[in-house]
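When reading the values below, keep in mind they use all heavy atoms of this one structure, side chains included, and skip hydrogens, waters and symmetry mates.
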Amino acid sequence: MAELATRVGTLSLRNPFLLASGIWGESGESLAGAWGAGAGGVITKSIGTSARAGFPNPTVEQYGKWGMLNAMGLPNPGIDEYPREIEVALRAGATVIGSIFGGAAEEFATLARRMAATGVAALELNLSCPHAEGYGTEVGSDPSDVEEIVRAVVEVVRIPVIAKITPNTSDPAALAAAAERGGAAAVSAINTVRGLAIDVRLRRPVLAHGLGGLSGPAIKPVGLACVWQIYERVRIPIIGVGGISTGQDALEYLMAGARAVEVGTAVTQGGIRVFRRLVRQLSASLGELGIPSAERAVGAAHSAGQADLGARSPARAHIAKPA
Amino acid sequence: MAELATRVGTLSLRNPFLLASGIWGESGESLAGAWGAGAGGVITKSIGTSARAGFPNPTVEQYGKWGMLNAMGLPNPGIDEYPREIEVALRAGATVIGSIFGGAAEEFATLARRMAATGVAALELNLSCPHAEGYGTEVGSDPSDVEEIVRAVVEVVRIPVIAKITPNTSDPAALAAAAERGGAAAVSAINTVRGLAIDVRLRRPVLAHGLGGLSGPAIKPVGLACVWQIYERVRIPIIGVGGISTGQDALEYLMAGARAVEVGTAVTQGGIRVFRRLVRQLSASLGELGIPSAERAVGAAHSAGQADLGARSPARAHIAKPA
Amino acid sequence: MRRVVGVTERVLETPSTVTLRFPFSPPAVPGQFVMLWIPGDDEIPMSLSFTDGETKGVTVKAMGTTSAAIQSIGPGTPVGVRGPYGNRFDLSPRRILIVGGGSGAAVLAPAADAAIARGSRVTVALGATEAAELLFRRRFEGMGARVEVATDDGSEGTHGFVTVVAERLLATDSFDAVWTCGPEVMMRKVAVAARASRTPTFCAVERHMKCALGMCDACALGPLHVCVDGPVFPAEQLLAIPEFARWHRDASGRRVEFGHR
Amino acid sequence: MRRVVGVTERVLETPSTVTLRFPFSPPAVPGQFVMLWIPGDDEIPMSLSFTDGETKGVTVKAMGTTSAAIQSIGPGTPVGVRGPYGNRFDLSPRRILIVGGGSGAAVLAPAADAAIARGSRVTVALGATEAAELLFRRRFEGMGARVEVATDDGSEGTHGFVTVVAERLLATDSFDAVWTCGPEVMMRKVAVAARASRTPTFCAVERHMKCALGMCDACALGPLHVCVDGPVFPAEQLLAIPEFARWHRDASGRRVEFGHR
Ligand SMILES: Cc1cc2nc3c(=O)[nH]c(=O)nc-3n(C[C@H](O)[C@H](O)[C@H](O)COP(=O)(O)OP(=O)(O)OC[C@H]3O[C@@H](n4cnc5c(N)ncnc54)[C@H](O)[C@@H]3O)c2cc1C
Ligand SMILES: Cc1cc2nc3c(=O)[nH]c(=O)nc-3n(C[C@H](O)[C@H](O)[C@H](O)COP(=O)(O)OP(=O)(O)OC[C@H]3O[C@@H](n4cnc5c(N)ncnc54)[C@H](O)[C@@H]3O)c2cc1C
Ligand SMILES: Cc1cc2nc3c(=O)[nH]c(=O)nc-3n(C[C@H](O)[C@H](O)[C@H](O)COP(=O)(O)O)c2cc1C
Ligand SMILES: Cc1cc2nc3c(=O)[nH]c(=O)nc-3n(C[C@H](O)[C@H](O)[C@H](O)COP(=O)(O)O)c2cc1C
Ligand code: FES
Ligand code: FES
């Protein structure tokens, strides 16, 4: 049996599969349930300064089994109410990572202090929610904003700080590098990819908010590309997110450079039991390939990939002399 | 029967379905074949200054029927050789749009002049190929570069200039606005979405180039979001691209704000006959909805969508008084 | 998958309750619900009150803004429907007591219909604020159920809560199952009463819903998610959850105590 | 879908030609090809020279860098395989003349095998630079085909091109079909010769391939795309295309004249 325990900086995880933020994350019992179902750790819903209802429904649109669009609009009970949910999850023994979102560095710092006080093992900063005006991409797509926010948070808490990176950018690695400069212990990538659905009979967007974020299998290649690019640029550990629904998907992320992964939309296919299956599948895949541990797979695709690129430059191949 | 003929600025199209650049675009007979199969116009492969073999194989990876990753690496015979291909297509009566790519404004201008001299009806500037170092996203993701390149081209040609926008950006509308300022007659959106595939047994990326671009149904929501955002920002016409494989997909793009669409990856599902089917399906959809013409559908989703957003702000809904 | 369909029929069931019928072909069973989208307004969970055939139906009580807006929807209006979601009533018991309050009868009526068609005997305890608000009374009678009513204002039947009727029926008659839908405090009372006679009881529960896919956590009820684990639960399971009939969550996920009835 | 499989067997067929066998379960028919990926090198189109059962095979002639690299691949080496792609030979004709030059025999051998199994009579005209390079000669003989050979250096059989043998056979014998694969100039000669006796002729054509999905246009041949419309075409269709046997396109899409043989 391959060893699945992994470390993201100083954070020890019993296996690499984390419950992604926004999934089963509003109630403490749900967080505890995901832990009980075998997750290596659970990330809370992104919590803000005060209660937010989020956007009206429709908030989700499904594309077969390969994708989902959502615009929840960051519903959350607010940092005053939420600690009692975390308490329930911690009492169940879960490794809990607290996710927060805000509009500016100061707000993030305040939230971070309060979230850290609940006893969570780490913080994840949602710098990348693509559909809440004034939040998310607007703060998360400028490297200097990212650096400033991360620094402000790192100054006020002792637990590891994870910066969650948006894919809606020309250069995700630059954002990760900014987070690293700011003192982040790790980065996670990716949040959802900006998308929109239209109903032609109603002549309107399906989601009440119009724009939403794409998740599920469709974005796995996008997440892998971001993790790949970030791995080439920064030294802090990476948590991969986006479209993971099998153990092999997770292994692809590990080989692209992730030390752990988050799982969100896959929970809609067969429920929270997905964690037990992912653990089993990853262990089997590593075994088949003769890789003794999840950690040994991290970044494995980079050496081969690089060699290729060097060996066959575009200039080399297959241009015949003009006829 | 709904009227499908449409105009993109001064460019008249017999129907809104254009063959996307890079698909059936290396040989004049293929362009002619796509025209003969019912396309409303055909866009050439992106042509550069000199012959390029592109990246070695593997250059494509398929995901079921919902997506495809490619890193062709802009293979093309170069602007010296290519005019004779265009000649074949023009002789067949096709409406041909010439696509070009380059590294800087000057190179684009030179290529544009030569491409225009072949007799094409319009130019498309590939500002957005996500996987060729020194080309594509690197020039296409900075608004001031986009404006400069478009301006340089517009100054040297009389035919309409279409700027093709990348989705790998935090603000596609800003890029479109830059193209508009530069004098573009239209924008097209989107090119492929940056992605990567890894083979776990070989511990390496599947594509020889590593990074590639995602296309097909998976990116339809991404393309729709870009078109939507661009429509809210600029006044020049928009051509929608990304994941169109049915007439209804095309209608979604029209309602999001596109006046025409491009079709690429769908050609892999049943071949070039797809154009005839798309024309039939769009006509039927418009008929069912009582919309007399494709042009009348353009932007139709915006008024309703906006109303929604106004009517139900997040602040309003469903927050009970604290218990 | 979401479908946009035109409403084909609108029936005013009571002064505050309307049934909408619409073409919707996916098969459904009593207990299941759909997410009903009123374009430009909201999308809300609604039990199917008509589950058979190609034309399904929902029966909506005016509660807030969207359900009020639904009251004025007429034939031809397009609505979005996705689902059906959730689980079902087990139709096998022979003698069934149904206890419905308010709009609860919406989900109980098709279940009663199906059970009677299978040969079960059904008794209905139906409650409302006043006689005119007794939902589906004629429908239950028409299918051959024995119906006993209670009204808050005494305008018909027992004066008071429907739980009083239910308690009396449970004390005097024997049932193989109790099905109930209505305010949680009411359902808890029914469940507690049925416990005395060890009659298996099933409650159809409501929680705030957004995704209906078991993902967003809006509908969390203790360790359960009403959208995928429910909405029909054995009462024993619910009685073991401290928050049942005590509090639910609003759209932000905050805990909100139920008003006492 | 791409599969990564380990090579199970390696056979040196001629000094410059090697067969690789590997597990690959998707069903395939003679005429079809796969895209064979040599990790770290390239992915190139290869006809299936063994199409039956779970263990397929390709037979590769050293032409350039990748096909040379393939020569040194041994059992256990992982390769990527996607496909099978393309169309097939129609196996129904009763008397078949096969004309193969160079590595062309790779795609013709399984076709001959299948036709003989169906009861057809097969005559093979096989050409190579020298006797040792006559690909699959024993295989054709073993399946009961009549084999006539030609070598450029006269080391065996007719001294000269295989087209000479083919022309003679077409003049003396009657065939219901001709199948040919090899350099286009050779195939054109065969097709022209067969036209005299009105024998339907089918040519397996090669073009530069990238996607193999009918999208990238690399394999364009006049109005055709070899990857999806071919690789097997009726000769009449090819003879009507001016570029057939005159030029092909390199990886950049540039036209390149064929060297004359
Ligand atoms: C599984 C299920 C089945 C239901 N079946 C029926 C039925 O058959 N007939 C019927 O009349 N009602 C039914 N309901 C209740 C119905 O969904 C709510 O009454 C309705 O959503 C109120 O919407 P509104 O906009 O009018 O209320 P609002 O003005 O928005 O608010 C009034 C109250 O309605 C509830 N509510 C609002 N939005 C939602 C939501 N998205 N999900 C759940 N509750 C919400 C909240 O408790 C809120 O406090 C069902 C609910 C669930 C969960
Ligand atoms: C449908 C089809 C079936 C084939 N079947 C066989 C077979 O059974 N046995 C066999 O030995 N050969 C076969 N070939 C030819 C084989 O694909 C080429 O010989 C091989 O690709 C050469 O690769 P290389 O790297 O060794 O050559 P390079 O050194 O790269 O170049 C040498 C020449 O090979 C050709 N070539 C290179 N890459 C490709 C490519 N991607 N697609 C097509 N041609 C290419 C070009 O003409 C080039 O000039 C087939 C080709 C096709 C199209
Ligand atoms: C319904 C839903 C709600 C989400 N809410 C949050 C959130 O509150 N904070 C956050 O950082 N990410 C949020 N996300 C993004 C996910 O955490 C994750 O990054 C994304 O869905 C991609 O992973 P997946 O494909 O496994 O779902 C949400 C995603 C979904 C589908
Ligand atoms: C194989 C392939 C080659 C492409 N080559 C080009 C190109 O040369 N120039 C360009 O502007 N876009 C190119 N594209 C992008 C397409 O034109 C189109 O923007 C994209 O594929 C999305 O559309 P689709 O989902 O319909 O394929 C290419 C796409 C594919 C799949
Ligand atoms: S409504 Fe989202 S989990 Fe139930
Ligand atoms: S190889 Fe791409 S079209 Fe044939």
Check: For chain A, which residues from residues 245-254 of chain B lie under 4.5 Å away (heavy-atom distances)?
Finding: Q248(B), L251(B), E252(B)

Notebook entry, point to check: For the atom pair OG (S170(B)) and CG (D171(A)), what is the distance rounded to the nearest 0.5 Å?
Noted result: 11.0 Å

Check: Can you say whether P77(A) sits under 4.5 Å from chain B via the side chain, the backbone, both, or neither, judging by heavy atoms?
Finding: neither

Checklist line | Given I291(B), L289(B), L286(B), the one that forms side-chain contact (heavy atoms from CB on, under 4.5 Å) with V200(A) | finding: L289(B)

Check: Between L69(A), V227(A), L224(A), which has the largest tally of heavy atom pairs under 4.5 Å with chain B?
Finding: L224(A)

Check: How long is the gap from CG on L202(A) to CE on M255(B), to the nearest 0.5 Å?
Finding: 9.0 Å

Next item on the list: Determine the option with the most heavy-atom pairs under 4.5 angstrom with chain A, choosing from P167(B), P172(B), G223(B), G67(B).
Entry: P172(B)

Note to self: Can you tell me which portion of Q229(B) sits under 4.5 Å from chain A's heavy atoms? Options are side chain, backbone, both or neither.
What the structure shows: side chain

Notebook entry, point to check: Backbone N or O of C226(A) within a donor-acceptor pair of the R194(B) side chain at under 3.5 Å?
Noted result: no

Check: Under a 4.5 Å cut-off applied to non-hydrogen side-chain atoms, are T169(B) and T169(A) in contact?
Finding: no

Item checked: Considering all heavy atoms, the nearest L214(B)-P221(A) contact -> CD1-CG, 4.0 Å

Check: Taking all non-hydrogen atoms of both residues, which atom of P205(A) and which atom of A301(B) are closest, and how far apart?
Finding: CD-O, 3.6 Å

Item checked: Interface residues of residues 59-66 of chain B facing chain A - heavy atom cut-off under 4.5 Å -> Y63(B), W66(B)

Note to self: Please identify, among P217(A), S285(A), G216(A), P75(A), the residue contributing the most non-hydrogen atom pairs under 4.5 Å to chain B.
What the structure shows: P217(A)

